2 protein chains.
Amino acid sequence: MRTDLLRRCGYFHNLPADILASAASSAQLRHVPGGEFFFRQGEPASHFYVLAAGNARLSQITPEGRQIIMGLIGPPHEIGIIAAIAGAIYPLDLQATQDSQGLAWDRDALRALLEAHPVLALRALHMVSGRFVELQDRYRELATERVERRLARAILRLAAQASRPEADGVTIAVRLARQDLAELTGTTLFTVSRTLSAWEDAGIVRSGRERVTLCDPARLTAIAEDLPG
Amino acid sequence: MRTDLLRRCGYFHNLPADILASAASSAQLRHVPGGEFFFRQGEPASHFYVLAAGNARLSQITPEGRQIIMGLIGPPHEIGIIAAIAGAIYPLDLQATQDSQGLAWDRDALRALLEAHPVLALRALHMVSGRFVELQDRYRELATERVERRLARAILRLAAQASRPEADGVTIAVRLARQDLAELTGTTLFTVSRTLSAWEDAGIVRSGRERVTLCDPARLTAIAEDLPG
DNA sequence: CGTTCGCTTGAACTAATTCAAGATAAGTGG
DNA sequence: CCACTTATCTTGAATTAGTTCAAGCGAACG
């Protein structure tokens with residue numbers, strides 16, 4: 001079942017069985033209870049992970065202690081390739097938001113894999129490049145767009161990532177506090193709360209404690225893209 | 001002299017002579033007059049460049065037409081590896097700000113190089129990873145820090161990158177309009193102007209038309225790091 | 001049943017933007 | 001060399017988006 005997991009993640013997708021097998025066999029399974037950390041910002045970068053089960057949060061802490069969330073991830077998602085390859089230390093935290101499991105390769109195992117299968121180095125380059133372009137886009141958003149629009153985008157992104165249908169819309173399938181949305185969009189919990197209240201009055205979303213339900217995705221998209229209506 | 005240039009840039013640094021030679025010989029030299037574009041956002045990504053001479057600006061245009069600057073670069077700087085490897089299109093503009101020259105590898109040449117010399121794929125991974133971590137830090141800055149601080153950082157970064165000593169300080173060695181600084185820090189030309197005026201009154205910088213001179217780097221660092229004094 | 005945690009809302013405040021007007025400096029052509 | 005034109009920059013005043021702080025609500029949880 002390890003190879004099945006790998007097959008489902010972009011990094012290992014469509015690779016020959018022998019590569020998958022050798023990758024799967026050189027990984028260790030690590031269990032991390034909800035709230036605990038896979039790794040913390042500043043620690044020596046020791047492992048490359050593929051999240052196998054659960055959910056996790058990638059975040060950075062500013063020198064002043066303010067936190068910002070770089071991403072919320074679910075399985076199967078690759079994390080730490082950059083650190084494990086290039087960097088001496090992890091540049092951010094990876095915290096399990098529920099009980100989670102990850103396949104972990106230490107640096108030696110990763111290096112051995114990359115050397116034995118050069119295609120994995122190219123794949124890694126693809127993956128990191130793709131993430132770079134995404135991050136660049138989010139940087140531009142942050143530099144040029146208003147909070148409401150950034151929040152709309154963030155919610156749509158999360159809904160696309162993990163949502164479950166309900167009677168009156170789709171609910172984002174992870175616990176999502178106002179504070180999380182604030183740290184995800186670079187604003188405050190108060191502004192998020194006000195914005196969600198306004199959207200709720202307009203019938204675009206319904207929301208409650210750590211929960212957001214999308215009722216009218218089209219109108220939220222209109223806000224995200226700054227369309228009329 | 002091509003190999004000398006390559007030797008000076010991180011991507012090719014400390015490689016065996018045969019690799020340098022093969023890289024140098026498969027590149028084409030391209031001249032781009034000041035103001036013209038090496039490539040534009042949205043175009044098919046055809047080449048990987050190493051800027052050989054001149055200066056250039058990496059920028060994105062928002063759908064609304066607002067521009068943001070992702071970086072100002074001088075020789076020798078590698079650009080386009082992400083696009084040429086991974087992407088179908090360039091995700092941003094590369095505009096020469098003065099008459100410039102670049103070594104250019106088309107996709108076939110690049111692929112051949114990477115296949116012949118696997119170390120180049122690993123190097124590329126390193127390079128992109130490093131840029132990713134940098135961008136992540138700038139993202140955090142943008143999300144959490146005030147304009148004055150971001151501006152201080154941007155100016156210090158530019159001064160470190162390219163500056164020339166003068167009677168009363170170091171001058172940033174590229175033409176740098178208020179508008180450029182605004183697009184680099186995610187603010188407006190007016191706010192930049194006011195901030196620079198205040199700093200000038202305080203004796204921290206001197207500035208004029210498209211020019212900034214650092215008089216008291218220590219105090220600017222204090223602003224950038226939010227230290228007392 | 002009370003405490004805690006997350007959420008809402010109001011009111012005051014502030015950083016930054018927007019717009020307008022004018023100053024300064026750099027080319028340009030006579 | 002000078003007037004003319006253009007681009008860059010400065011500054012003030014009005015405005016606004018968003019923050020901060022304080023108070024209170026309501027659902028979850030022991």
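The structure displayed is predicted, hence computed values, not measured ones. Note on naming: letters A, B, ... go to the chains in the order of the sequence lines (proteins, then strands), and numbering restarts at 1 for each one.
Taking atom CZ of residue B:Arg146 and atom P of nucleotide D:dA17, one finds them 18 Å apart after rounding to whole Å. In this structure, the CG atom of B:Leu181 is 15 Å from the C1' atom of D:dT10, given to the nearest Å. Atom CD of B:Glu183 and atom P of C:dT17 are 13 Å apart (whole Å). In this structure, A:Gln179 atom CD and D:dT20 atom P are separated by 11 Å, rounded to whole Å. Rounded to whole angstrom, the span from the CG atom of B:Leu176 across to the C1' atom of D:dT8 amounts to 13 Å. In this structure, B:Leu151 atom CG and C:dA16 atom C1' are separated by 13 Å, rounded to whole Å. A:Leu196 has its CG atom 14 Å from the P atom of D:dG18, to the nearest Å. Protein atom CD of A:Glu64 is 16 Å distant from nucleotide atom P of D:dT19, rounded to whole Å.
With respect to B:Leu103, the side chain to side chain contact (heavy atoms under 4.5 Å, CB included) criterion is satisfied by exactly one of B:Arg30, B:Gln28, B:Arg2: B:Arg2. Here the rule is side chain to side chain contact (heavy atoms under 4.5 Å, CB included) with B:His47, and of B:Phe38, B:Tyr90, B:Trp105 only B:Tyr90 fits it.
The aromatic rings of B:Tyr11 and B:Phe48 stand perpendicular to each other, their planes meeting at an angle above 60°, with 30° marking the opposite boundary.
Here the side chain of B:Tyr139 pairs no donor or acceptor atom with the backbone of A:Gln136 at under 3.5 angstrom.
You won't find any donor-acceptor pair under 3.5 Å spanning the side chain of A:Arg211 and the base of C:dG6, going by distance alone. Put simply, the side chain of B:Arg194 and the base of D:dG12 share a donor and an acceptor less than 3.5 Å apart. If you check distances only, the side chain of A:Arg66 never reaches the base of D:dT19 with a donor-acceptor pair under 3.5 Å.
Considering only side-chain N and O atoms, A:Thr187 lies under 4.0 angstrom from the phosphate OP1 or OP2 of D:dT19. Look at A:Arg178 and you'll find a side-chain N or O under 4.0 angstrom from OP1 or OP2 of C:dT8. Listed pair B:Ser197 / D:dT11 meets the phosphate criterion, a side-chain N or O lying under 4.0 Å from OP1 or OP2. Taking side-chain N and O atoms only, B:Ser193 has a distance below 4.0 Å to OP1 or OP2 of D:dT10. Proximity of A:Thr188 to the phosphate of D:dT19: a side-chain N or O atom is located under 4.0 Å from OP1 or OP2.
Minimum atom distance to the side chain of A:Thr191 is reached by D:dT19, of the listed D:dT19, C:dT8, D:dC9. Taking every side-chain heavy atom of B:Glu210 into account, D:dT8 is the closest of D:dT8, C:dT9, D:dT10. With D:dT10, C:dT8, C:dA26 as the candidates, the nucleotide lying closest to the side chain of A:Phe190 is C:dT8.
Looking at heavy atoms from C-beta onward, A:Leu151 lies out of side-chain contact with A:Thr187 at the 4.5 angstrom threshold.
Between B:Arg175 and B:Val192, the residue anchored closer to the 5' end of DNA chain C is B:Val192, taking for each the nucleotide with the nearest heavy atom.
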